[in-house]
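Side chains are part of it too, since the values below use all heavy atoms of this structure and drop only hydrogens, waters and symmetry mates. Quantities reported herein were computed from a predicted structural model and do not represent experimental measurements.
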Amino acid sequence: MSPELSNKTADAGTATFVAENHLLGIVQRIVASRDDTRIVLPGKGEIAILPGRNEFHANVQDMPEFCRAPAAHFGVTVFDGAVHTYTSRNGRSIKDLLWQSAFHASQGLLLEGCSKYDVIQFSHWPNLTRLPVTPNAARICALLTRHPTTIMLVHRVLGIDKEEVWQICSAAYSAGIARMISHNPAVPGVDAFAAQQPEPVKERGLFRSMFAKISGL
């Protein structure tokens, strides 16, 4: 199922996905409200979110499908009593849920409100052993935890598909890991100029040499 696209894009050349159309937007609202809440997708499972404990409990058959489902398909109920049935030792950080929700809803698109011209930096490494990731997630994190970088340049520097970068950056931004250094909705002419300029072999080799040390290539 393809995510719904925003009518407005982060910039003229990049389509985005809208948090409010998916589980991600529901989780964000619950976190803001601070209400202990149950989210149910009929026939697919449920998630309990306990903002006061900063944890969630999931009983979900297929998490990617759950996260990509349209927001209107979910039932959302605020708990009217104690939630002592959920023990903290079985819970996970809500930030992990925000990462998962954005990662699966993205499907290679940037989150609405982000631009590929934004300069960002990761504040810390996500726990890649517990989260859904792409094949080059560790390389992306290695670069962005060390150097503030324009999102659109990450895929060129690392030589990977831009959709993979969009997906990781959307997940990191939603989980509060990506710090916005500067927001730049559009830089007219940059893409056209870059497309017309072949990357010199010498310069390309220098880039790869520099970032091989950074990203463990």
Side-chain angles (χ1 to χ4, degrees), residues 3 16-41 44-69 71 74 76 78-79 83 86-114 118-146 148-149 151 154 164-181 183:
T16 60
F17 76 99
V18 183
E20 289 297 321
N21 290 343
H22 304 281
L23 174 68
L24 176 60
I26 297 173
V27 176
Q28 290 173 335
R29 290 197 302 272
I30 293 170
V31 171
S33 74
R34 306 291 296 170
D35 292 327
D36 294 335
T37 306
R38 177 184 288 114
I39 305 171
V40 178
L41 184 62
K44 302 297 181 181
E46 64 178 62
I47 292 176
I49 300 179
L50 314 178
R53 299 187 195 173
N54 188 33
E55 67 186 39
F56 77 98
H57 298 256
N59 180 15
V60 175
Q61 299 175 15
D62 185 328
M63 198 64 170
E65 181 182 10
F66 198 91
C67 293
R68 289 194 292 264
F74 291 96
V76 180
V78 175
F79 287 107
V83 291
Y86 297 99
T87 59
S88 292
R89 67 174 178 273
N90 296 322
R92 290 182 58 183
S93 169
I94 292 176
K95 287 187 177 182
D96 288 357
L97 179 58
L98 289 166
W99 174 289
Q100 292 182 70
S101 300
F103 181 90
H104 293 306
S106 164
Q107 299 186 83
L109 302 180
L110 269 177
L111 178 66
E112 183 187 38
C114 297
D118 291 342
V119 178
I120 66 171
Q121 184 171 23
F122 287 6
S123 60
H124 61 275
W125 275 76
N127 188 340
L128 301 182
T129 63
R130 292 172 58 89
L131 298 169
V133 295
T134 63
N136 293 288
R139 298 175 64 206
I140 295 170
C141 292
L143 171 58
L144 289 175
T145 52
R146 287 167 173 78
T149 307
I151 292 175
V154 175
E164 185 173 359
V165 177
W166 295 179
Q167 191 167 19
I168 293 297
C169 287
S170 294
Y173 184 81
S174 299
I177 293 172
R179 181 169 61 96
M180 189 78 69
I181 305 299
H183 177 56

### L109 side chain reached by Q107 side chain, heavy atoms, under 4.5 Å
no

### Message
Would you say the rings of F66 and F74 are close, in the sense that their centroids are separated by under 6.0 Å?
### Response
yes

### Message
Between W99 and I168, is there a side-chain heavy-atom distance shorter than 4.5 Å?
### Response
yes

### Task
Without swapping roles, check the side chain of S170 against the backbone of L111 for a donor-acceptor pair under 3.5 Å.
yes

### Query
Looking only at atom types and distance, does a side-chain atom of W166 sit under 3.5 Å from a main-chain N or O of I151, one as donor and one as acceptor?
no

### Query
Do S106 side-chain atoms and A102 backbone N/O form a donor-acceptor pair below 3.5 Å?
no

### Message
Closer than 3.5 angstrom, by distance alone: can the side chain of S93 be matched with the main-chain N or O of E55 as a donor-acceptor pair?
### Response
no

#### Entry: Nearest-0.5 Å distance, CZ of residue F122 to OG1 of residue T149
9.5 Å

### Task
Tell me, please, which residues at least two apart from R29 pass salt bridge (Lys or Arg N to Asp or Glu O under 4.0 Å).
E20

### Side chain to side chain, F17 and L110, heavy atoms closer than 4.5 Å
no

#### Entry: Least distance between heavy atoms, D62 atom then P64 atom
OD1-CD, 3.0 Å

### Query
Is the number of heavy atoms from other residues, nucleotides or ligands within 6.0 Å of CZ (R53) greater than 12?
yes

### Task
Say whether, by atom type as modelled, one donor and one acceptor occur between the side chain of E46 and the main chain of N59 under 3.5 angstrom.
no

### Query
Between I47 and M63, is any pair of side-chain heavy atoms under 4.5 Å apart?
yes

### Query
I120 and A178: which non-hydrogen atoms are nearest, and at how many Å?
CD1-CB, 4.4 Å

### Query
Which distance, rounded to the nearest 0.5 Å, do you find between the CD of Q28 and the CG of L23?
9.5 Å

### Message
I'd like to know if the side chain of S33 and the backbone of I30 have a donor-acceptor N/O pair within less than 3.5 Å.
### Response
yes

#### Entry: Non-hydrogen side-chain atoms of L50 and D36 separated by less than 4.5 Å
yes

### Message
I need the H104 NE2 to L24 CG distance, nearest 0.5 Å.
### Response
12.0 Å

### Non-neighbouring partners of N136 that pass side-chain contact (heavy atoms from CB on, under 4.5 Å), sequence neighbours left out
R139, I160, E164

### Query
Under a 4.5 Å cut-off applied to non-hydrogen side-chain atoms, are L144 and Q121 in contact?
no

### Query
Heavy atoms, side chains only, cut-off 4.5 Å: are I177 and H124 in contact?
yes

### Query
Backbone N or O of R130 within a donor-acceptor pair of the R92 side chain at under 3.5 Å?
yes

### Message
On a heavy-atom basis, which atom in F79 and which in A48 lie closest, and how many Å separate them?
### Response
CZ-CB, 4.0 Å

### Query
Rounded to the nearest 0.5 Å, what separation is found between the CD1 atom of I49 and the CD1 atom of I26?
8.5 Å

### Task
Applying side-chain hydrogen bond (donor to acceptor under 3.5 Å, both in side chains), run through N90 and T87 and close with a yes or a no.
CA-CA 6 Å; N90 296 322; T87 59; 2.9 Å; yes

